[in-house]
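What follows is one structure encoded as structure tokens, with my remarks underneath.
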Amino acid sequence: MKSAKQETVPIATSSDVVMARQKVRQWAIEMKFTLVDQTKLVTAASELARNALEHGKGGHMVIEQVENSVKNGLKLVFEDRGPGISDVDAALRDGFTTGGGMGLGLGGSKRLVNDFQIESEPGKGTRVTVVRWK
Amino acid sequence: MSKLPEMINKHHEEIRADWLKQMSTAVRRADLISNEELESQSRELMDAIASGARSGELTNLDGPAWGQARDTLGAISTSRAKQGFSTSETATFVLSLKQPIFNAVRRENPSDPAALFDDIWKSTQLIDKLALITADAFQASREKFIARQQEELMELSTPVVKLWDGILALPIIGTLDSARTQVVMESLLQAVVQTNSRVAIIDITGVPTVDTLVAQHLLKTITAARLMGADCIISGVRPQIAQTIVHLGIDLAGVITKAKLSDAFALALQRTGQVVTKVNGDNAGKRTLLRREE
Amino acid sequence: MHRVLIVEDTPADVRQSSAVVKKLGAQDVIALNNIAAAILFLQDVLEGTKPAPDLILLDLSFPRESGFEVLRYWKSNAKLHQIHVVVWTVMGDTEKKLCQFFGVEHVIPKWAGPKELEAALKTFVQDSDTAQT
Ligand SMILES: Nc1ncnc2c1ncn2[C@@H]1O[C@H](COP(=O)(O)OP(=O)(O)OP(=O)(O)O)[C@@H](O)[C@H]1O
Ligand SMILES: [Mg+2]
């Protein structure tokens with residue numbers, strides 16, 4: 001049985017971001033998410049993994065199958081020990097970037113999943129937790 | 001019916017010559033492989049492809065007609081694995097056959113765009129399949145399967161191809177990370193300059209994920225191309241990708257997108273002043289003509 | 001550097017740049033203020049009805065037109081491509097990169113002022129003069 005399964009993927013280089021995407025895709029396929037949902041999950045993972053790498057100086061992703069009373073879901077946790085985000089609301093705003101990006105990754109991934117949570121402490125790091133339910 | 005099998009069979013020597021010429025200008029890893037070996041490998045493979053094509057079957061390569069091609073690709077893969085080539089380098093050897101075959105297809109269909117679409121599409125699929133057979137054989141010939149190689153498999157890329165005068169296509173296959181996207185997009189802009197093209201089709205059918213980074217590179221490329229007077233058309237935007245792009249909040253207004261490469265090609269022909277018109281032929285019934293709009 | 005073609009729409013910049021090339025020895029300065037005219041001029045050069053310039057000094061941004069069209073035409077013909085081109089324009093990294101793709105060796109930003117143009121042209125004039133002798 002593969003229930004309560006969990007796996008950790010390091011995010012230290014840009015090829016780790018690619019690996020993280022592949023892992024999420026594999027899991028989403030195994031859990032029989034629809035093609036649209038797979039794509040949403042993989043894209044959200046791509047954004048959050050890249051943020052952990054580029055803004056958070058690297059970290060890891062924990063991927064986990066979860067369930068509540070009615071349904072299954074795929075939960076992804078991205079954790080880094082970077083500088084943290086001082087103004088989370090601003091960071092979530094479309095177009096806000098401190099790098100040269102489009103500033104759409106954080107807000108966009110929020111729209112691609114069902115549950116979205118950011119915990120961030122300046123100087124300590126950032127943890128983003130997302131779930132997509134089937 | 002398509003004349004592609006017959007064409008490949010008839011012109012395989014020219015195609016091979018063209019192919020060798022292209023390989024000599026591209027990065028060839030002269031450190032790993034000699035000219036003689038390249039020469040003999042390309043001859044074996046082209047013979048095998050011609051013999052497979054003789055069966056008339058171009059979509060299913062599992063049958064006996066393509067056995068020789070499969071074996072040849074297997075042998076080439078094994079020897080390249082030993083020589084220290086990477087998966088993508090090995091597959092690129094096969095993928096670089098695309099442009100020579102396209103060239104032959106264009107010579108063969110100078111005035112019949114419908115047949116041209118068809119043949120270009122079929123030959124793309126054929127070569128992609130051969131490349132996948134190669135990549136699989138390459139992987140199988142390695143003792144240990146490590147994650148890094150699986151990733152490389154996802155990084156197969158086809159070179160920029162000239163579809164028609166003034167029209168380029170960039171079929172992107174595989175995972176795009178920041179560095180690779182930049183390289184791919186710059187090679188497109190460079191090719192636009194080199195070939196003085198007016199339209200560039202970026203086909204993303206083979207791209208599994210389009211995130212904000214890929215989108216940003218795409219948009220930058222489109223803007224840069226426009227600066228120098230070339231329009232980009234994005235083709236192969238699958239429905240799930242289109243939806244995700246919208247959720248991300250990426251604004252593609254002002255970007256021309258088409259579902260299929262062939263639709264993009266038809267539009268490109270129109271844009272470059274080459275229109276496809278159906279006219280009544282004198283005795284042959286309907287004919288399709290390609291003409292330059294004055 | 002005897003004959004210079006200046007393709008430039010801003011009158012002040014035409015004045016500045018023609019002063020610079022004249023100072024560096026140009027005898028015959030032709031200034032055109034739009035791309036269509038520049039391309040017609042180059043067509044005439046190809047047909048032999050107008051003498052070829054030794055240098056084209058090109059601006060890239062024009063209302064409704066693009067200097068890149070001149071670069072396209074220039075690059076598409078081997079004979080034209082022998083003429084030296086210097087791009088003098090307001091630009092970002094993208095324009096600079098594209099110019100490199102076209103094989104333009106000298107790309108000088110306008111914000112650096114006419115002094116910078118003169119300095120760049122000076123080394124270039126020496127290069128081309130030694131190349132010709
Ligand atoms: N893990 C993180 N650690 C620190 N800062 C972060 C982190 N993730 C996001 N941020 C901050 O939030 C901003 C917005 O993030 P978002 O992903 O939306 O845009 P971006 O990464 O700048 O560009 P892109 O559109 O390519 O994702 C970032 O520019 C950065 O300042
Ligand atoms: Mg981001």
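Labels below follow one simple rule: chain letters A, B, ... track the order of the sequence lines, proteins then strands, and each chain is numbered from 1. These values consider heavy atoms only, across backbone and side chains, with no hydrogens, waters or symmetry-generated copies.
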Notebook entry, point to check: So B:Val210 and A:Thr43, side-chain contact (heavy atoms from CB on, under 4.5 Å) or not? Walk me through it.
Noted result: CA-CA 7 Å; B:Val210 176; A:Thr43 309; over 6 Å; no
- Can B:Gln243 and A:Thr39 be said to form a side-chain contact (heavy atoms from CB on, under 4.5 Å), step by step? CA-CA 9 Å; B:Gln243 253 196 58; A:Thr39 310; over 6 Å; no
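With values rounded to the nearest 0.5 angstrom, A:Leu35 atom CG is found 4.0 Å from B:Gln240 atom CD. One finds the NZ atom of A:Lys110 at 14.5 Å from the NE2 atom of B:His247 (value rounded to the nearest 0.5 Å). Distance check, rounded to the nearest 0.5 Å: CZ of A:Arg25 to OG1 of B:Thr209 gives 4.5 Å.
When each of A:Ser46, A:Ala44, A:Gly103 is checked for heavy-atom pairs under 4.5 Å with chain B, A:Ser46 comes out on top.
For B:Lys129, the NZ atom is densely surrounded, since the number of other residues' heavy atoms within 6.0 Å is greater than 12. Atom NZ of A:Lys75 is surrounded by 12 or fewer heavy atoms from other residues, nucleotides or ligands within 6.0 Å.
Proximity to chain B involves both the backbone and the side chain of A:Val36, based on heavy atoms less than 4.5 angstrom apart. Both the backbone and the side chain of B:Ile250 come within less than 4.5 Å of a heavy atom of chain A.
When atom types are taken as modelled, the side chain of B:Gln216 and the backbone of A:Gly100 share a donor-acceptor pair closer than 3.5 angstrom.
Checking B:Thr212 against A:Arg50 by side-chain atom types alone, a donor-acceptor pair falls below 3.5 Å.
Taking all atoms of both residues into account, the shortest heavy-atom contact from B:Leu248 to A:Leu104 is O-CB, 3.6 Å.
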